[in-house]
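Lettering of chains follows the sequences in order, A, B, ..., and the numbering in each one begins at 1. Note that the structure is predicted; figures quoted are calculated from it, not measured.
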Amino acid sequence: MKIDLTVNGQTASGEVEARTLLVDFLREQLRLTGTHVGCDTSQCGACVVMVDGKSVKSCTMLAAMADGCDVTTIEGLANGAELHPMQQAFMDNHGLQCGFCTPGMVMSGLDIVNRHGKELDAATVRRELNGNICRCTGYQNIVKSIREGARAMGD
Amino acid sequence: MYSFSYHRPASVAEAANLIANAADGKLVAGGQTLLPTMKHRLASPSDVIDLGAIAELGGIVVNGNIVTIGAMTPHAEVAASGEVQEAIPALAALAGNIGDPAVRNRGTIGGSIANNDPAADYPAAVIALGATVRTNRREIAGGDFFTGMFETALEEDEIIVAVDFPRPEAAAYMKFENPASRYAIVGVFIARTAGGARAAVTGATDCAHRAYRMEEALAKDFSPAALADFQAPVDRMNADIHASAEYRAHLVRVMAQRAVAACA
């Protein structure tokens with residue numbers, strides 16, 4: 001079946017099987033490999049992208065369900081060579097080690113800002129990250145990065 | 001995932017027609033349970049009928065003392081709804097603590113109650129608040145809807161349209177959650193209504209159910225102390241690596257007492 005959607009501001013079309021997951025369409029067909037598959041059991045959050053402005057696990061949505069939707073992936077955040085403030089905050093605060101979970105962490109961080117604003121306390125960030133798993137960092141610097149990234153987005 | 005035919009009808013009538021004519025069809029709402037199940041090849045429907053494009057299944061309407069939530073309303077929308085927060089704050093809080101934020105953006109009330117996971121949250125609210133489940137054919141009383149583990153009163157090709165929740169005088173939901181999945185190890189929903197106290201338990205047994213003995217105790221004295229001697233039947237409790245039957249029975253009382261206290 002044919003799907004037409006908007007990905008990172010550009011029109012994207014493709015021929016997919018009914019069973020193609022959104023994450024596989026993004027990675028395999030559009031070659032947007034920044035979105036990761038960490039667990040494939042809908043738990044880890046490495047595959048979080050924005051669909052019509054809301055965070056979703058792209059491994060738990062069919063590509064067909066995204067037909068007509070506006071999708072933003074980690075590749076859609078930077079402005080050329082200039083990182084998005086949330087990305088820059090992860091870099092500045094050592095908010096990653098292996099980096100596998102990072103795309104999902106950044107997208108979920110933006111979703112937290114959308115819902116809770118730019119002044120975030122650590123408890124809110126920790127609670128709202130309960131769908132994103134990191135096995136390296138212990139979360140300390142991820143929480144710090146999201147709080148700082150959120151503040152930086154106000155500038 | 002095994003292959004299947006995908007359909008995206010624009011109306012309930014069209015969806016009903018598709019499911020009735022499918023060899024082994026499945027309706028999908030948010031897909032937060034069905035898709036993982038299909039990825040594990042634990043389900044292999046011939047046809048998946050996506051209810052996501054049916055406008056008449058969405059939305060929240062408060063009319064007098066009835067809060068109507070469309071079947072396809074995501075948990076995040078219920079949690080963030082000012083109208084639900086005002087009318088039944090316990091219901092908004094319940095929706096806001098299902099799964100995680102990304103799951104709440106896709107998962108829906110209709111999908112949750114149709115799936116009837118024994119540890120799901122919404123069934124407790126539907127039962128305790130005395131809600132009415134409206135389908136494309138009839139109205140089903142909340143207390144009659146959940147019939148067993150992953151079983152409901154729905155016919156194979158029946159579609160939930162909306163759930164009507166009467167506004168209680170006070171209500172609270174307390175759950176002891178699995179810290180990873182946020183499913184209820186035990187959850188108790190207590191409602192104080194004009195018709196008396198109502199209680200429902202989820203997570204503890206094979207299916208969410210009304211707790212009549214708890215209601216009788218609360219009818220005499222609506223206070224946590226009234227449940228001090230309450231004993232949930234250990235032999236009916238679930239037992240797994242997260243909690244033994246004895247522990248779940250204990251949690252039923254503790255969660256119920258906390259919910260009663262929160263109603264005050």
Side-chain angles (χ1 to χ4, degrees), chain A residues 1-3 16-24 35 37-69 103-105 107-116 124-133 146, chain B residues 1-10 22 25-26 28-54 58 72 74-77 79-80 93 96-108 111 177-183:
Chain A
M1 58 185 294
K2 187 169 183 293
I3 58 169
V16 297
E17 279 192 78
R19 61 180 168 175
T20 303
L21 298 169
L22 177 59
V23 70
D24 291 328
T35 302
V37 180
C39 68
D40 221 12
T41 55
S42 316
Q43 290 163 318
C44 80
C47 68
V48 168
V49 301
M50 296 288 185
V51 176
D52 292 338
K54 303 229 162 84
S55 64
V56 306
K57 294 183 174 179
S58 61
C59 82
T60 312
M61 181 170 181
L62 299 173
M65 290 170 160
D67 188 25
C69 291
M105 290 290 178
M107 300 312 284
S108 288
L110 295 174
D111 189 61
I112 296 171
V113 174
N114 285 344
R115 288 178 296 112
H116 294 277
T124 299
V125 175
R126 286 180 186 278
R127 188 180 67 245
E128 294 290 336
L129 278 183
N130 73 7
N132 292 77
I133 295 173
I146 290 175
Chain B
M1 198 183 299
Y2 292 111
S3 62
F4 55 86
S5 298
Y6 174 81
H7 311 272
R8 195 173 169 84
K26 266 283 184 194
V28 65
Q32 301 302 285
T33 298
L34 181 62
L35 292 175
T37 307
M38 289 171 65
K39 287 200 294 185
H40 283 104
R41 297 187 167 181
L42 296 170
S44 53
S46 62
D47 296 77
V48 170
I49 296 126
D50 182 2
L51 304 176
I54 305 178
M72 285 296 290
H75 309 322
E77 198 176 320
N97 202 27
I98 296 173
D100 61 55
V103 166
R104 291 196 286 275
N105 280 333
R106 293 286 303 162
T108 68
E177 63 188 24
N178 178 313
S181 69
R182 264 71 186 179
Y183 269 110

Practice task
Can you tell which part of A:R127 gets under 4.5 Å to a heavy atom of chain B, answering side chain, backbone, both or neither?
Solution key: neither

Fill in the blank from the handout: In short, B:A102 meets A:V48 closest at the heavy-atom pair CB-CG2, 4.5 Å

Practice task
Using a 4.5 Å cut-off on heavy atoms from C-beta on, say whether the side chain of B:K39 contacts that of A:S42.
Solution key: yes

Problem - Gap between atom OG1 of A:T20 and atom CE of B:M1 - 0.5 Å precision - result: 9.0 Å

Fill in the blank from the handout: Separation between OG (A:S55) and CZ (B:R104), nearest 0.5 Å, reads 9.0 Å

Exercise for the section: Flag the one option from A:E17, A:M1, A:M61 with the top tally of heavy-atom pairs under 4.5 Å to chain B. Expected result: A:M61

Practice task
Output yes when B:D100 and A:K57 qualify as a salt bridge under the 4.0 Å nitrogen-oxygen rule, no when they do not.
Solution key: yes

Exercise for the section: Count the heavy-atom pairs under 4.5 Å between each of A:N132, A:T41, A:V51, A:L62 and chain B, then report the option with the highest count. Expected result: A:L62

Practice task
Taking all non-hydrogen atoms of both residues into account, name the closest pair between B:P101 and A:N130 and its distance.
Solution key: CD-OD1, 3.5 Å

Practice task
Could you look at A:M107 and say if it's the side chain, the backbone, both or neither that has a heavy atom under 4.5 Å from chain B?
Solution key: neither

Exercise for the section: Using non-hydrogen atoms and a 4.5 Å limit, figure out which bit of A:L129 sits close to chain B: side chain, backbone, both or neither. Expected result: neither

Problem - Residue A:D111 versus chain B: region with a heavy atom under 4.5 Å - result: side chain

Handout entry: Reported CZ-to-CE distance for the pair B:R8 and A:M65, which is rounded to 0.5 angstrom
Key = 7.5 Å

